[in-house]
Visitor: 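Have a look at the structure that comes next, please.
Keep in mind it's a predicted model, so treat the numbers as computed, not measured. By convention in this document, chain letters (A, B, ...) are assigned in the order of the sequence lines, proteins followed by strands, and residues within each chain are numbered from 1.
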Amino acid sequence: MLSQFPLLSLVIWAPILGGIGVLFVGDDSPAKARRLALVASIATFVLSIPLWTNFSLGTADMQFQELYPWIPGFKINYHLGVDGFSMPLILLTTFITVLVVIAGWEVIQYRVAQYMAAFLIMEGLMIGVFAALDAILFYVFFEAMLIPMFLVIGIWGGPRRVYATIKFFLYTFFGSVFMLVALMYMYFKSGSFEILAFHNLKLGMTEQVLIFLAFVGAFAVKVPMFPVHTWLPDAHVEAPTGGSVILAAITLKIGGYGFLRFALPITPDASASLDWLILGMSLIAVVYIGLVALIQQDMKKLIAYSSIAHMGFVTLGFFIVFSILRATESTSGAAMGIGGGMVQMVSHGFISGAMFLCVGVLYDRVHSRQIKDYGGVANTMPVFAAFMVLFGLANAGLPGTSGFVGEFMVILSSFKGSFWIAFLASFTLILGAAYTLWLIKRVVFGEVVHQHVAELQDVNAREFTILAVLAVAVLALGLWPQPLTDVMQASIERLVQHVLVTKL
Amino acid sequence: MQTVYLSLVLAPLFGAIIAGLFGRQIGRSAAHWVTIIGVAISFLLSLAVFKHHVIDGAPAYNATVYTWMVIDGIRLEVGFLVDSLTVMMITVVTFVSLMVHIYTIGYMHDDPGYQRFFSYISLFTFSMLMLVMSNNFLQLFFGWEAVGVVSYLLIGFWFKRPTAIYANMKAFLVNRVGDFGFLLGIAAVLMYFNSLDYQDVFHAAPLFANAKMQIIPGVEWSVMTVTCILLFIGAMGKSAQVPLHVWLPDSMEGPTPISALIHAATMVTAGIFMVSRMSPLFELSTTALSFVLVIGSITALFMGFLGIIQNDIKRVVAYSTLSQLGYMTVALGVSAYSAAVFHLMTHAFFKALLFLGAGSVIIGMHHEQDMRKMGGLRKYMPITWFTSLLGSLALIGFPGFSGFYSKDSIIEAVHASHIPGSGFAYFAVIVGVFVTAFYSFRMYFLVFHGEERFHHHDDAHGHGHDAHHDDDHGHGHHGGTPHESPWVVTVPLILLAIPSVIIGGKTIAPMLFGDFFQGVIHVAPEHDTLHHLASEFHSALGMAFHGLLTLPFWLAMAGVGSAYYIYMKRPDIAEKTRAKFAPVYRLLDRKYGFDDFNQAVFADGSVVAGKALWKYGDAGLIDGVVVNGSAKTIGWLAGVVRHVQSGYLYHYAFAMIIGLLGLLTWIVVR
């Protein structure tokens, strides 16, 4: 199904071209650069809406496909397309980027044009990652995307930004090298770089295990899963607010997406026999990381650890299918797990983005991320406090907010696989509430003890708008997730069927 | 009818949104009007619904409002089930809520968070209605957590107080421990029934009566036992059963109106409601029922003891609530669900009355909560005094009062039960009668009778209880003479006193022995304890007269008498007893050590574990050994990066393009 209108290309290249345009405007006229960046990001968001409104439900086939030869000698194609997994993530990307541009409006005064351009270019590259159906095209976007993020942390970051960027770079680089090898291997086997062709490629068990581990290396770092998660707290702490938002809301999702697009369908037998590895790492993320989050003194670190714990539900939901099959000899419940993981990704995009923006609002005023420097913020910033409590409760998985939906689905699904998996996963109810509410208690509630807190000004119209938009998103998805799950339905069902068929 | 049910639920939500989001713009009185009108609409509609279902005999209503999601072939929906149980609950909830709304005008009169408070209590009403009107487990869980959140917000309403923001976090977390079980219970329901709709589940339940599951390999457990106990753990959190009761006494940090509404009349009874709703499931597992019974008995008896030694007027009522919730749970355990719900209803009225009465005393005493500084208030606050007396009589089960009918039915049902644990339960509820009467009238006498102890504390006033003065309202701080509260406070007291006295006698016949709960509450024939009572029941009046001759009545009288003798005539006895049984007193004073244990093991333990994992796991092993192990590499790279970093963005863009080209060249040339 080739669409006549190259919508996906437009959504990928519009922000990149916009970003280059912003660079040409230059740092000398920041007001112009900001305005252009805003126009470009909003235009991209508007362009991406037809992906949803014109999306055909009921088919798992790729939609809005575009296929042009790129390097014909090696059968490398410029092949784009989306299904129920990638389309929501593209919309999430275009949506969050608009907010990030607005969030950096007055806050960034240093090299404004370059800052805005970095985010716009990154947006295009991340959409490219989600839309690519050619393995090399995917890999190029996947790697290129790191560069703007690397710069955002390196230039606008905090005092330890060099350490953080190197750690970030090393982790992700070592992760993806092996994936490249795996992709090359499959190219030699299949004679093509088509990802969908890889899905149907027969592979022996040893091959599958090695390829699977290569994928785990690449994507577990991105998610990030225990024990390859330690780059994330450092990266978040040093990144400027916008960088943290993109990192948490979008970049992490690429890891989860990779498991769905590559690891599960390409190596189903290895996934089935090594699922304990992913399940174990996911559950450690929930319990271990939950405890570690509890004792953080830095707000951003706390939210970063909370992100890792929440992303544990994503991988848990994706890989629970094999336990369910073994325990019940049926796949009933597997779709709920994968769907739950997907909903969790979108929801985490909203909530973690909102939490980092909340920290940004405080940081812009007080220039500290330490919890002990706050307390009693509700006295001077009541509107902000209401937002932060709402997002905190969403982070703790309150029903009626999006944070509940994914966790609920994954816990219910994993109960079918094993009581004990569900038992350990459910610890998030307690730990998630404990670290979030303790943060809220120490930051928002209480008497004002610091002079700088007493002098705080409540959110301005710009900050209010961003937080309100996210609040609406969090509540809408929590109260009515059906539109999202309907979009994914066909893709989930096909994936569940696909992973059941052995490739041996 | 759907419009009626929807309006009934949404009217308080609408009020809450207006008062919450636009409170500052619309001002104080508009905020209380919009929420009161919202709740009043709900109350009037629930009366209409009551007439429709109960008096006109319309069948139960069960329909979907909208589909939340469809996944895996399972429809998760939001919908309403309105039957006699629901009708009773919504009528009680909206009535008590309306009373509390009106009362709040007086109680929170000068509080700076006036609009916010009204918004919260209306939001609570909405959440509670969602909970009781649900026709499925998903929405039940939504309401369940939503009332928990509003409770969290309200306990911490005075967010400057360290004790309040500690208490609200504690309440939420302890409830989350309960929800931990509850959610697993829901997961078990989904696994075996493949649906979360009540009707589907209850229909299919008998098929699983003998189903087994293995949680620990090799050990077979009944599916229904596991499911029911998991669900009940949720009820233990919300309905504050031992050992998850620890949050309720601390929740008294919240303003008194919400102690009445949330922490006495409605939210804490959600667990009782839930188990009654799930009677088709619980009836399939005698083991689960025994578990429920024993937990309830422990709560009923041991929480009552704690009421005896409290000096804070609100805490006495709080422990009394715990004990009464224990009674309801006991009734659930012996399958007397209708007696549990009946007690839930009468308790909602008289306990809301007692709390609001206590609140009125607190206002009258200028924010003094210590009973040792009260006494003789009868002549200063006649309406509060008389209504509180009525409430206390209802609480101790004086024949003819509402509480008598419900509590006596529970005691008799326990007596008739033969499931494991019923012997202990009978002992607990019988002794509990004496204890209840003793602490209730200890409070009554200390507050309303005897010498006036407050005059001596005129000067000290305002220092001893600083924490409670912050922002309550501006009534006081001057003058120690108590005064009767304004009409917005006393009218709700009177309106609650009426059902506290009469509702039990009026409704016992249909609710316990009639067909009110026909088709709603299921009781297996071998568990049917109320059946025995039915044969002896002739009329409410007859039961009251017969009540004068029974053991519980004389125990209650003994309790009242001892309280009178000890606290009115011979105050030295209390002192001597305390000295003589110092270890017992210490045990009670430390609330059996639950709080200390939880703090030391769970709270501090988690922090220690978190620190250890962070220090040795993340920072030590992963970063220290693995990542930074190649420190030299990093140092070298750092030099390179520092160099690169000094450049401009087009340098990076250039580097990026070079990198991409390099990659492609490698692919092409290789």
Side-chain angles (χ1 to χ4, degrees), chain A residues 23 71 73-74 76 111 114 117-118 136 140 143-144 147 151 154-155 162 165-167 170 227 230 288 291-295 332-336 339 376 378-379 393 398-400 408-409 411-412 415-416 419 422-423 426-427 429-430 433-434 437-438 441 445-447 480-482 485-486 489, chain B residues 66-74 141-142 144-146 149 152-153 156 159-160 162 165-166 169 172-173 176-177 179-180 183-184 186-188 190-191 194 213 215 606-607 609-611 613-614 617-618 622-623 627 634 637-638 641-642 645 648-650 652 655-656 659-660 663-664 667-668:
Chain A
L23 279 182
I71 308 173
F74 291 87
I76 297 172
R111 300 196 194 175
Q114 296 183 17
I136 292 300
V140 169
E143 289 295 304
I147 299 169
L151 299 177
I155 298 176
V162 174
T165 41
I166 291 170
K167 205 168 171 185
L170 284 181
T230 61
Y288 170 116
L291 285 168
V292 172
L294 196 59
I295 54 113
S332 163
M336 191 179 272
N379 295 293
L393 290 169
L398 177 74
F408 179 73
M409 292 167 77
I411 290 173
L412 260 55
F415 194 93
K416 295 196 180 188
F419 173 85
F423 179 83
S426 299
F427 267 95
L429 281 179
I430 302 166
L437 295 187
W438 198 20
K441 173 177 181 273
F445 297 141
E447 287 278 11
W480 196 38
Q482 194 187 12
T485 52
D486 277 359
Q489 191 85 359
Chain B
Y66 71 91
T67 303
W68 192 67
M69 83 163 58
V70 183
I71 191 109
D72 237 345
I74 298 165
F141 194 71
F142 165 79
W144 194 264
E145 291 272 296
V149 161
Y152 165 80
L153 293 171
F159 56 78
K160 287 184 196 170
I165 59 177
Y166 172 79
M169 192 170 82
F172 197 86
L173 292 183
R176 270 294 169 104
V177 175
D179 296 346
F180 179 93
L183 189 58
L184 288 174
I186 293 175
L190 184 80
M191 170 158 182
N194 230 21
M213 68 192 290
I215 289 179
S606 305
V607 170
K611 279 190 178 143
L613 290 174
W614 191 43
D618 269 37
I622 299 172
D623 274 1
V627 179
I634 290 186
L637 268 172
V641 172
R642 244 191 307 278
Q645 252 184 336
Y648 291 103
L649 196 55
Y650 63 83
Y652 302 119
M656 181 173 142
L660 285 180
L663 181 77
L664 292 174
I667 294 171
V668 175

Visitor: Starting at CD1 of Ile165(B), measure out to OH of Tyr152(B) and round the result to the nearest 0.5 Å.
Guide: 8.5 Å
Visitor: Ala293(A) versus chain B, heavy atoms under 4.5 Å apart: side chain, backbone, both or neither?
Guide: neither
Visitor: For chain A, which candidate among Tyr66(B), Tyr166(B), Trp144(B) shows the most heavy-atom pairs at distances under 4.5 Å?
Guide: Tyr66(B)
Visitor: Name the region of Ser426(A), side chain, backbone, both or neither, that has any atom closer than 4.5 Å to a heavy atom of chain B.
Guide: both
Visitor: Tell me, please, which residues at least two apart from Tyr288(A) pass ring pair (Phe, Tyr, Trp, His ring centres under 6.0 Å).
Guide: Phe226(A)
Visitor: I'd like to know if the side chain of Asp72(B) reaches the main chain of Gly339(A), judged simply by a donor and an acceptor atom lying under 3.5 Å from each other, with no hydrogens or angles considered.
Guide: no
Visitor: Heavy-atom distances under 4.5 Å only: say whether Phe172(B) touches chain A with side chain, backbone, both or neither.
Guide: side chain
Visitor: Pair Phe423(A), Phe415(A) - check ring pair (Phe, Tyr, Trp, His ring centres under 6.0 Å), show working.
Guide: CA-CA 8 Å; Phe423(A) 179 83; Phe415(A) 194 93; over 10 Å; no
Visitor: Taking every non-hydrogen pair under 4.5 Å, which of Gly617(B), Gly73(B), Ala146(B), Ala188(B) racks up the most with chain A?
Guide: Ala188(B)
Visitor: Between Ala609(B) and Leu291(A), what is the shortest heavy-atom contact and its length?
Guide: CB-CD1, 4.2 Å
Visitor: In terms of heavy-atom proximity below 4.5 Å to chain A, should Val177(B) be classed as side chain, backbone, both, or neither?
Guide: both
Visitor: List in chain and number order the residues that pass ring pair (Phe, Tyr, Trp, His ring centres under 6.0 Å) with Phe141(B), two or more places apart in sequence or in another chain; answer none if no residue qualifies.
Guide: Phe404(A), Phe182(B)
Visitor: Heavy-atom pairs under 4.5 Å with chain A are the metric here; pick the option from Leu184(B), Leu190(B), Leu173(B) that has the most.
Guide: Leu184(B)
Visitor: Given the options Ile411(A), Leu398(A), Ile295(A), which has more heavy-atom pairs under 4.5 Å with chain B than any of the others?
Guide: Ile295(A)
Visitor: How many angstroms lie between OG in Ser606(B) and CG in Leu613(B), if you round to the nearest 0.5 Å?
Guide: 10.5 Å
Visitor: Among the options Met69(B), Met213(B), Lys611(B), pick out the one with the most heavy-atom pairs lying under 4.5 Å from chain A.
Guide: Met69(B)
Visitor: For the residue pair Val70(B) and Gln489(A), what are the closest heavy atoms and their distance?
Guide: O-OE1, 3.2 Å
Visitor: So which part of Ile430(A) gets closer than 4.5 Å to some heavy atom of chain B, the side chain, the backbone, both or neither?
Guide: both
Visitor: Is chain B contacted by the side chain of Phe408(A), its backbone, both, or neither, given a heavy-atom distance below 4.5 Å?
Guide: side chain
Visitor: Find the one option among Asp179(B), Ile215(B), Val607(B), Val149(B) whose heavy-atom pairs under 4.5 Å with chain A are most numerous.
Guide: Ile215(B)
Visitor: Quick one: which of Ala334(A), Gly400(A), Gly333(A) has the most heavy-atom pairs under 4.5 Å with chain B, could you say?
Guide: Gly333(A)
Visitor: I need the minimum non-hydrogen distance between Thr67(B) and Trp480(A), along with the two atoms involved.
Guide: O-NE1, 3.0 Å
Visitor: Would you mind checking which part of Leu437(A) comes under 4.5 Å of any heavy atom in chain B, side chain (CB onward), backbone (N, CA, C, O), both or neither?
Guide: both
